[in-house]
Amino acid sequence: MDNPTQEIKPLVEPATAENAPLLIPKLVMSDVAHGSPDSPEPARSSEPSVVRKFLNEKSSGKLADGTFGALMLVCALSLFFIVGLIVYVLVMNSRPSLHAFGFKFFTHSVWDPVSGEFGALPFIWGTLVSSLVALVLAVPLALCTAIFLLEICPQPLRAPISFLTEFLAAIPSVVYGLWGVFVLVPFMRDTAGPFLEKTLGWTGLFVEPNFGVGMFTASVILAIMIFPVISSISRDVMRAVPVSQKEAVLALGATRWEMLRMGVLRNARIGIVGAVILGLGRALGETMAVTMVIGNHPDISKNLFAPGYTLASVIANEFTEATGDLYLSSLIEIGLALFLVTIVVNAIARLLVWAVTRGQSQRHA
Amino acid sequence: MKFNLYAAALLASVLATGASIQAQNLTGAGATFPNPIYSRWFSEYAQEHPGVHINYQSVGSGAGIQQVSKKVVDFGASDAILTDQQLKDSQVKLTLIPTVLGAVVPVYNVPGVGSDLKFSGDVIADIYLGKITNWNDGRIKADNPGVNFPDKRILPVYRAEGSGTNFIFTDYLSKVNPEFKTRVGAAASVHWPLGIGAKGNEGVAGMIRNTPGSFGYVELIYAVQNKMSYGDVKNAAGKYVKASTDSVSAAAAASAKVIPSDYRISITNATGAGSYPISSFTWLLIPNPSPDSAKGKVLHDFLVWMLEKGQSEAAGMTYAPLPKNVADKVRATINTVK
């Protein structure tokens, strides 16, 4: 008559929270009573397990399930609330400057608190350029480290390298900043700077004067800071590629590089892009270390040796001493700009992923 | 039981000494520059006057002005001169009390040149305007006869974050150089035409130490405590003066006659042969009358103490004390605080 799944059904059928513990044994008993005598061990298949019985005695599974579900829903939905609140506060507090400058705030390049002229373009430029250059430096390094650790690294080296990678992530950003000021800045000025100027000066990206502080130094610091994030996550993603995939590629006669390219990187690329986006997020918002080495001068220059300024840095530097509604609200609007830049950059990255993977079969890492 | 007895005894003794020792907690906020001496004053005052506790948060002049205006704190502190608009916007009537003086000194890193360079204000302004770009410029040489300057590009370094130091420095440069006044102006944060911004006195000092050819400015107290060498600056009388608590107090003394009753005066570029030209008062912003008369009384008593005892500690901490003729004026103002 009944197949086993139907017999167990009453256990998961909705029941009111109060009568659930009583109801379940009753149903179970009725099942037992109607069990066909011909079927082998019918009572056993419908009787709740020892564990289930124990749980029923302890508490109401229905109540707990419902509460748990609701709690998780509230936690997840609170994200909408938090983001909404942030946007609301930013917009409300930047009303005076939104009103005074309108959209020109984002395209105007003069920031002059004395005359009350505020434009965010140099800061948006500084944030984007420093983060993108940091990505250009960090992504190849991080990916190579991840691949090396996963596929090539001799066993004894594996633990120290991955420990050091994760250790880099734990260093506070002010320490990076101090190291930047005392070690990286002189190095960039005296050693790396002249070399870059000689070899890559023709691009117009590395032109004297180079005082060691500036956009490029900030990008190098950022690259070191986002390296562990990208490396660790992409390593985990690549590790999740099934061994059978790799073995299959090798079995078809592929070399190790071909196996990595087709079997691993190709399958893991969505996860790798995710890792890069996470790193980019950190780079866009990083404040302390960047402020200490970027030079804090709101200029738009192609020259990476020139000083720059980021959105996060100008807020950190000027907020405490800002007086007057327009000035304060402009700084808050800078916060709004940073928020928008992050959203736009993330959206572009997602679009990129979508464009690359469109029309191809979904192969998950 | 024993504890209760003890508590009762304590309560009795408190009641016996009268209502004057009612616990008073005051909160102030504002300028970071005078924070070391304010902290010391407040803790010493609390020790001498049990029951009074003054908590000071060095959140910056701008935030201090805002918070005292909106009655968030009981008093404020500022390195910058309050504007008419700021006084008008305040929800309480504010009385400004000058407490000590500070100064800003030029620091530099020029390879092969001794530590005693001299600068006129005009030259400093033109360095920050980008009109003097090399250390062997004739005008720097004219200020320092006999010094052999290298052919080295100048890197101007400024304080990136808004600060009273910036205000004093740009206020001075605006006075001595008309072009600086129109192109940059005087404020806690300005639009610097060129150069590199470093964070805090320590950031500027670190950048100067690390970068050959750099020129910057830090607070006198920072330079002295860290044993940095700094340059002399030419004052309004045409003399090159080295900053010290004496020369800074001299600038205040020389300006005493022209100090208005609300003390809103910039004493940069002060007259007098011994005056250091990049000097400034720092002020406490006292709500007067205070919304809470008990707190007003505590503030009044503290200010009297500050003039009598506090001033003598200033010089030891490299803050210039108020000169006598200014202190006399301030005493009269303090008597109006209630």
Side-chain angles (χ1 to χ4, degrees), chain A residues 109-119 122 174 177-178 180-190 208-214 217 287-299 301 305-309 313-325 327-328 330-331, chain B residues 29-32 58-66 69 78-80 82-83 85-86 89 133 153-167 170 174 181-200 202-203 206-207 209-214:
Chain A
S109 61
V110 175
W111 180 268
D112 187 350
V114 181
S115 62
E117 253 188 286
F118 299 103
V174 67
L178 283 174
V181 167
F182 291 111
V183 180
L184 191 61
V185 167
F187 175 76
M188 295 303 286
R189 184 184 58 230
D190 301 329
E208 289 282 341
N210 167 29
F211 290 104
V213 282
T217 310
T287 313
M288 198 61 204
V290 172
T291 306
M292 290 167 87
V293 297
I294 200 169
N296 300 311
H297 193 79
D299 249 349
S301 167
F305 284 155
Y309 219 149
S313 297
V314 70
I315 298 174
N317 279 334
E318 298 194 2
F319 204 78
T320 49
E321 294 281 342
T323 49
D325 283 347
Y327 190 7
L328 271 174
S330 295
L331 282 171
Chain B
T32 45
S58 57
V59 289
S61 301
I65 294 169
Q66 285 246 321
S69 303
S78 174
D79 296 333
L82 270 73
T83 60
Q85 187 65 34
Q86 282 170 332
D89 289 345
T133 56
R153 204 185 156 92
I154 302 177
L155 171 70
V157 179
Y158 56 85
R159 276 280 285 275
E161 83 280 24
S163 61
T165 311
N166 272 350
F167 182 85
T170 53
S174 294
K181 187 176 182 177
T182 51
R183 272 182 66 190
V184 182
S189 298
V190 297
H191 176 68
W192 296 97
L194 80 163
I196 272 172
K199 200 164 163 52
E202 65 285 358
M207 190 68 74
R209 208 171 292 145
N210 269 333
T211 317
S214 55

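Quick note on labels: first sequence line is chain A, next is B, and so on, each numbered from 1. Not measured: the values here are computed from a predicted model.
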Is B:Q85 close to chain A through its backbone or its side chain, or both, or neither, when contacts mean heavy atoms under 4.5 Å? neither

Chain B heavy atoms under 4.5 Å from A:F182: which part of the residue, side chain, backbone, both or neither? both

Taking all heavy atoms of B:A187 and all of A:V114, pick out the closest pair and write down the distance. CB-CG2, 3.6 Å

More than 12 non-hydrogen atoms from neighbouring residues, nucleotides or ligands closer than 6.0 Å to CG on A:D325, yes or no? no

Which atoms of A:L328 come close to chain B, meaning under 4.5 Å heavy atom to heavy atom: side chain ones, backbone ones, both, or neither? side chain

When only pairs under 4.5 Å are counted, which of A:P209, A:P186, A:A322, A:G177 shares the most heavy-atom pairs with chain B? A:P209

Distance-minimising heavy-atom pair for B:E161 and A:N317: CB-O, 2.9 Å

Residue B:V157 versus chain A: region with a heavy atom under 4.5 Å: neither

So which atom in A:T291 and which in B:K199 form the shortest heavy-atom distance, rounded to 0.1 Å? CG2-CD, 3.7 Å

Where on B:V59 is there a heavy atom nearer than 4.5 Å to chain A: the side chain, the backbone, both, or neither? backbone

Could you tell me if the side chain of A:V181 sits less than 4.5 Å from the side chain of B:M207, heavy atoms only? no

Region of B:A160 that comes under 4.5 Å of a non-hydrogen atom in chain A: both

Sequence neighbours left out, what passes ring-ring contact (aromatic ring centres under 6.0 Å, His included) with A:F118? Give chain and number order. A:W111, A:Y327

side-chain contact (heavy atoms from CB on, under 4.5 Å) filter on B:E202, not counting sequence neighbours, yields B:Y222

Below 4.5 Å, heavy atoms only, C-beta onward: do B:H191 and A:S115 meet side chain to side chain? no

As an exercise: rank B:G197, B:G164, B:G203 by heavy-atom pairs under 4.5 Å with chain A and give me the winner. B:G197

Between B:Y158 and chain A, which part of the residue has a heavy atom less than 4.5 Å away: side chain, backbone, both or neither? side chain

Just so I understand: if I count every heavy-atom pair under 4.5 Å between each of B:Q66, B:R209, B:R159, B:R153 and chain A, which residue has the most? B:R153

Considering all heavy atoms of both residues, which atom of A:P307 and which atom of B:G195 are nearest to each other, and what is their separation? CG-O, 3.8 Å

Just so I understand: if I count every heavy-atom pair under 4.5 Å between each of B:T32, B:I65, B:N210, B:L155 and chain A, which residue has the most? B:L155

